[in-house]
2 protein chains.
Amino acid sequence: MNLEKRLHSRGYRYTPQREAVFGVLKENEGKPLSPEEVHELACKRFSSLGLTTTYRSLELFCDLGLATRVHLHGDSHYYEVNTGKHHHHMVCLSCGAIEILEACLIEELKERVRDGSDFLVTEHCMSLFGYCPGCLTSRKG
Amino acid sequence: MNLEKRLHSRGYRYTPQREAVFGVLKENEGKPLSPEEVHELACKRFSSLGLTTTYRSLELFCDLGLATRVHLHGDSHYYEVNTGKHHHHMVCLSCGAIEILEACLIEELKERVRDGSDFLVTEHCMSLFGYCPGCLTSRKG
DNA sequence: TCCTTATCGACAATCATTATCATTTAATAA
DNA sequence: TTATTAAATGATAATGATTGTCGATAAGGA
Ligand SMILES: [Zn+2]
Ligand SMILES: [Zn+2]
Ligand SMILES: [Zn+2]
Ligand SMILES: [Zn+2]
């Protein structure tokens, strides 16, 4: 289902601003972007786009299941288009590069939680940090 | 090693403000606190403690390995005394209660990373979210 | 005890995010 | 197509967390 239908089906309006923001997310699948970054890129698609609208659109997309919030270190939120494929991220502490990590052991963890606690786990976030191949190589020199 | 020795061994001064902040962390082992919360509690030990000093002390303790930063959802940082025991947290989305999760599958994940990528993982953060036993029970009613 | 300077606390500044509100515009019905 | 109406927008102000500044204070060594 495309953006227009998805918005209409939930009673929201389809606007060029939202199209621009969503386009940026789609174009950067797998690369978490901050609202500031999204705004800068989306302005190339809709030049008068306001930063406030960017923030609002990103949150709306998350509520609609079209995007997901990514929690990394740092003082900004990050967003990504929701592809339906669960994954995590590895962030290079040196250059900031982000690599997708498809492996996730949450199910095993959930089982352990069920054994040891009555806590019901519904969400999780995880990120790995370290050094990307590029930065590792350049360090050797 | 106590706080005084730890500070002196790295060339830092031992002050009642730092003692107060550290005391609060120790007293709340396993419970991540925001700088604001730490400040409020630490003021009972040293009433004229400034919020700025609280922030600075917490960061210093992290650098010294005496405390760790905890990344939860939400717009604040959280800190915890470093007990040397690696663990994670489960946060109740309803009441905010935090339960310690000792299980961690990072080693298994690291292995998978080694197989599929040249990324070197040195740190990770993970939190689980859901509902605590208390909130689950009260929902049934 | 006296000095030196790390540390402190009050306050200003900054950064990300949210609230406000007058204006614009998407969607619908005439 | 046009008129209508409320959702959406964008400029701006406000907020909340964190950091920077700087004169005053006090820890720790001489
Ligand atoms: Zn790198
Ligand atoms: Zn996962
Ligand atoms: Zn709860
Ligand atoms: Zn772990």
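In the text below, chain A, chain B and the rest are named by the order of the sequence lines, each starting its count at 1. Because the structure is a prediction, the values reported are computed rather than measured. All heavy atoms count here, side chains included; hydrogens, waters and symmetry mates do not.
- A/E4 places its CD atom 10 Å from the P atom of C/dT28, with the value rounded to the nearest Å.
- Here D/dT18 presents its P atom at 13 Å from NE2 of B/H39, a figure rounded to the nearest Å.
- At a threshold of 4.5 Å between non-hydrogen side-chain atoms, the residues A/E123 and B/L93 count as touching.
- Spacing between atom CG of B/L51 and atom P of D/dT18 amounts to 9 Å, rounded to whole angstrom units.
- Listed pair B/S76 / D/dT18 meets the phosphate criterion, a side-chain N or O lying under 4.0 Å from OP1 or OP2.
- Contact between the side-chain N/O atoms of B/Q17 and the OP1/OP2 oxygens of C/dG9 is found at a separation under 4.0 Å.
- When each of A/F46 and B/P16 is assigned the nucleotide of DNA chain D with its nearest heavy atom, A/F46 is the one assigned upstream, toward the 5' end.
- The residue B/R18 sits close only to the backbone: its heavy atoms come under 4.0 Å of sugar-phosphate atoms, none of a base.
- The B/R13 side chain lies nearest to C/dA6 when the options are C/dA6, C/dG9, C/dT25.
- Summarising the geometry, the separation between OH on A/Y14 and P on D/dT9 is reported as 12 Å, rounded to the nearest angstrom.
- Straight-line distance from the OH atom of A/Y55 to the C1' atom of C/dA19: 14 Å, rounded to whole Å.
- Taking atom OH on A/Y12 and atom P on D/dT9, their separation rounds to 12 Å, with Å as the unit.
- Using a 4.0 Å heavy-atom criterion, one finds that B/S48 contacts the sugar-phosphate atoms exclusively.
- The side chain to side chain contact (heavy atoms under 4.5 Å, CB included) with A/R18 is formed by just one residue from the set A/L66, A/L58, A/T53, A/L60; it is A/L60.
- Ion pair A/R69/A/E80 not flagged as a salt bridge, since none of the NZ, NE, NH1 or NH2 atoms sits closer than 4.0 Å to an Asp/Glu carboxylate oxygen.
- Taking atom CG of residue B/L33 and atom P of nucleotide D/dT18, one finds them 13 Å apart after rounding to whole Å.
- Contacts of A/T52 with the nucleic acid, taken as non-hydrogen atoms under 4.0 Å apart, include base atoms.
- The aromatic rings of A/H71 and B/H73 lie parallel to each other, their planes meeting at an angle below 30°, with 60° marking the opposite boundary.
- Take the nearest nucleotide of DNA chain C for B/L49 and for A/H8: the residue whose nucleotide is more 5' is B/L49.
- In summary, A/D63 and A/R6 do not engage in a salt bridge, as defined by a charged side-chain N under 4.0 Å from a carboxylate O.
- Side chain of B/T53, nearest nucleotide from C/dT17, C/dG9, C/dA26: C/dG9.
- Following rounding to the nearest Å, B/R56 (CZ) and C/dC8 (P) show an atom-to-atom distance of 7 Å.
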